[in-house]
Amino acid sequence: EVQLVESGGGLVQAGGSLRLSCAASGFTFDDYAIGWFRQAPGKEREGVSCISSISSSGGNTDYADSVKGRFTMSSDNAKNTVYLQLNSLKPEDTAVYYCAAQDFIGLSCSYYLSNGMDYWGKGTLVTVSS
């Protein structure tokens with residue numbers, strides 16, 4: 001059973017930083033694309049970042065324009081964990097952040113960020129105060 005468990009959310013002041021973690025289990029980590037998505041109250045879900053292939057042999061990493069230069073996604077394959085470093089946070093970054101995974105089928109991150117993925121965690125809340 002695919003399981004994704006997010007952690008690291010919390011309350012932070014504008015300009016501050018957080019690091020989110022997503023611990024994955026139940027599947028072969030290298031064969032999947034992994035993404036971070038967020039949903040703010042009253043808004044649609046937004047794709048934040050993606051690694052289209054966790055395998056070291058390929059794939060691309062992409063970010064939503066709204067977070068480029070501020071957020072960085074990385075993975076530790078030995079720990080089956082992906083991270084999202086959130087820097088220079090703004091009040092508009094306030095949302096529940098979800099980790100998601102998809103069997104790698106050669107699609108790019110732009111596709112996943114627009115269409116979502118098959119497997120989802122329960123989310124972790126990030127609140128940025130002004």
Side-chain angles (χ1 to χ4, degrees):
E1 178 187 5
V2 173
Q3 288 194 329
L4 301 164
V5 180
E6 304 94 335
S7 61
L11 173 64
V12 63
Q13 289 188 329
S17 298
L18 283 173
R19 188 176 82 155
L20 307 184
S21 300
C22 172
S25 62
F27 61 98
T28 304
F29 198 60
D30 288 357
D31 295 336
Y32 276 67
I34 304 287
W36 286 96
F37 297 77
R38 69 185 181 184
Q39 188 163 22
K43 295 188 177 181
E44 292 187 354
R45 185 186 67 202
E46 176 188 20
V48 174
S49 68
C50 163
I51 298 175
S52 66
S53 172
I54 292 295
S55 166
S56 60
S57 64
N60 72 302
T61 304
D62 202 3
Y63 300 88
D65 288 343
S66 58
V67 307
K68 280 181 180 176
R70 299 189 298 121
F71 292 6
T72 303
M73 185 174 178
S74 61
S75 69
D76 184 335
N77 291 15
K79 295 182 178 180
N80 277 19
T81 300
V82 294
Y83 304 96
L84 186 66
Q85 179 68 40
L86 289 62
N87 295 331
S88 303
L89 281 162
K90 305 175 182 179
E92 52 263 43
D93 294 318
T94 294
V96 177
Y97 284 71
Y98 298 91
C99 178
Q102 169 89 39
D103 305 59
F104 176 64
I105 53 175
L107 298 177
S108 69
C109 276
S110 61
Y111 175 87
Y112 292 126
L113 291 179
S114 296
N115 293 282
M117 295 181 170
D118 284 346
Y119 304 103
W120 295 85
K122 294 184 177 180
T124 185
L125 176 63
V126 172
T127 303
V128 185
S129 63
S130 57

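It should be emphasised that the depicted structure is a prediction, and the values quoted were computed from it without experimental measurement. All residue numbers refer to positions in the sequence shown, counting from 1.
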Could you tell me if the side chain of Ser130 sits less than 4.5 Å from the side chain of Gln13, heavy atoms only?
no
Keeping the roles fixed (side chain from Glu6, backbone from Gly123), state whether a donor-acceptor pair exists under 3.5 Å.
yes
Show me the pairs that pass ring pair (Phe, Tyr, Trp, His ring centres under 6.0 Å) and involve residues 111-130, at least two apart or across chains.
Phe37-Trp120
With heavy-atom distances below 4.5 Å as the criterion, would you say the side chains of Lys68 and Asp62 are in contact?
yes
Take Leu18 and Leu89 through the test side-chain contact (heavy atoms from CB on, under 4.5 Å) and record every step on the way to the result.
CA-CA 8 Å; Leu18 283 173; Leu89 281 162; 4.3 Å; yes
In sequence, state the C-alpha distance, the side-chain angles, and the governing distance for Thr72 and Tyr83, and then conclude on side-chain contact (heavy atoms from CB on, under 4.5 Å).
CA-CA 8 Å; Thr72 303; Tyr83 304 96; over 6 Å; no
Criterion side-chain contact (heavy atoms from CB on, under 4.5 Å) on Leu4 and Phe27, from CA distance to verdict:
CA-CA 10 Å; Leu4 301 164; Phe27 61 98; 4.1 Å; yes
Show me the donor-acceptor pairs, under 3.5 Å and distance only, between side chains in residues 92-105 and residues at least two apart or in other chains.
from	atom 1	to	atom 2	distance (Å)
Asp93	OD1	Arg38	NH1	2.9
Asp93	OD1	Arg70	NH2	3.0
Asp93	OD2	Arg70	NH1	2.7
Asp93	OD2	Arg70	NH2	3.4
Asp93	OD2	Lys90	N	2.8
Thr94	OG1	Pro91	O	2.9
Thr94	OG1	Val128	N	2.9
Thr94	OG1	Val128	O	3.4
Tyr97	OH	Arg38	NH1	2.9
Tyr97	OH	Asp93	O	2.6
Gln102	OE1	Asp118	N	3.2
Gln102	NE2	Asp118	OD2	3.2

Could you go through the side-chain contact (heavy atoms from CB on, under 4.5 Å) check for Ser17 and Gln85 one step at a time?
CA-CA 7 Å; Ser17 298; Gln85 179 68 40; 3.9 Å; yes
Could you check if a side-chain atom of Leu113 sits within less than 4.5 angstrom of a side-chain atom of Tyr63, using non-hydrogen atoms only?
no
In this structure, CD1 of Ile34 is separated from OG of Ser74 (nearest 0.5 Å) by 12.5 Å
At what distance, to the nearest 0.5 angstrom, does OG1 of Thr124 lie from CG of Leu84?
11.0 Å
Non-hydrogen atoms of Lys43 and Gln39 that approach each other most closely:
O-NE2, 3.0 Å
Treating Ile, Leu, Val, Met, Phe, Trp and Tyr as nodes and any side-chain heavy-atom pair under 4.5 angstrom as an edge, say whether Ile51 and Met117 lie in one connected cluster.
no
Is it true that, when you exclude Lys79 itself, more than 12 heavy atoms of the residues, nucleotides or ligands shown sit nearer than 6.0 Å to its NZ?
no
Distance (rounded to the nearest 0.5 Å) between Leu107 CG and Ser114 OG
11.5 Å
Hey, does Phe71 have a side-chain heavy atom less than 4.5 Å from the side chain of Asn87?
no
Verify whether one side chain among Ser52 and Asn60 offers a donor that lies under 3.5 Å from an acceptor in the other.
yes
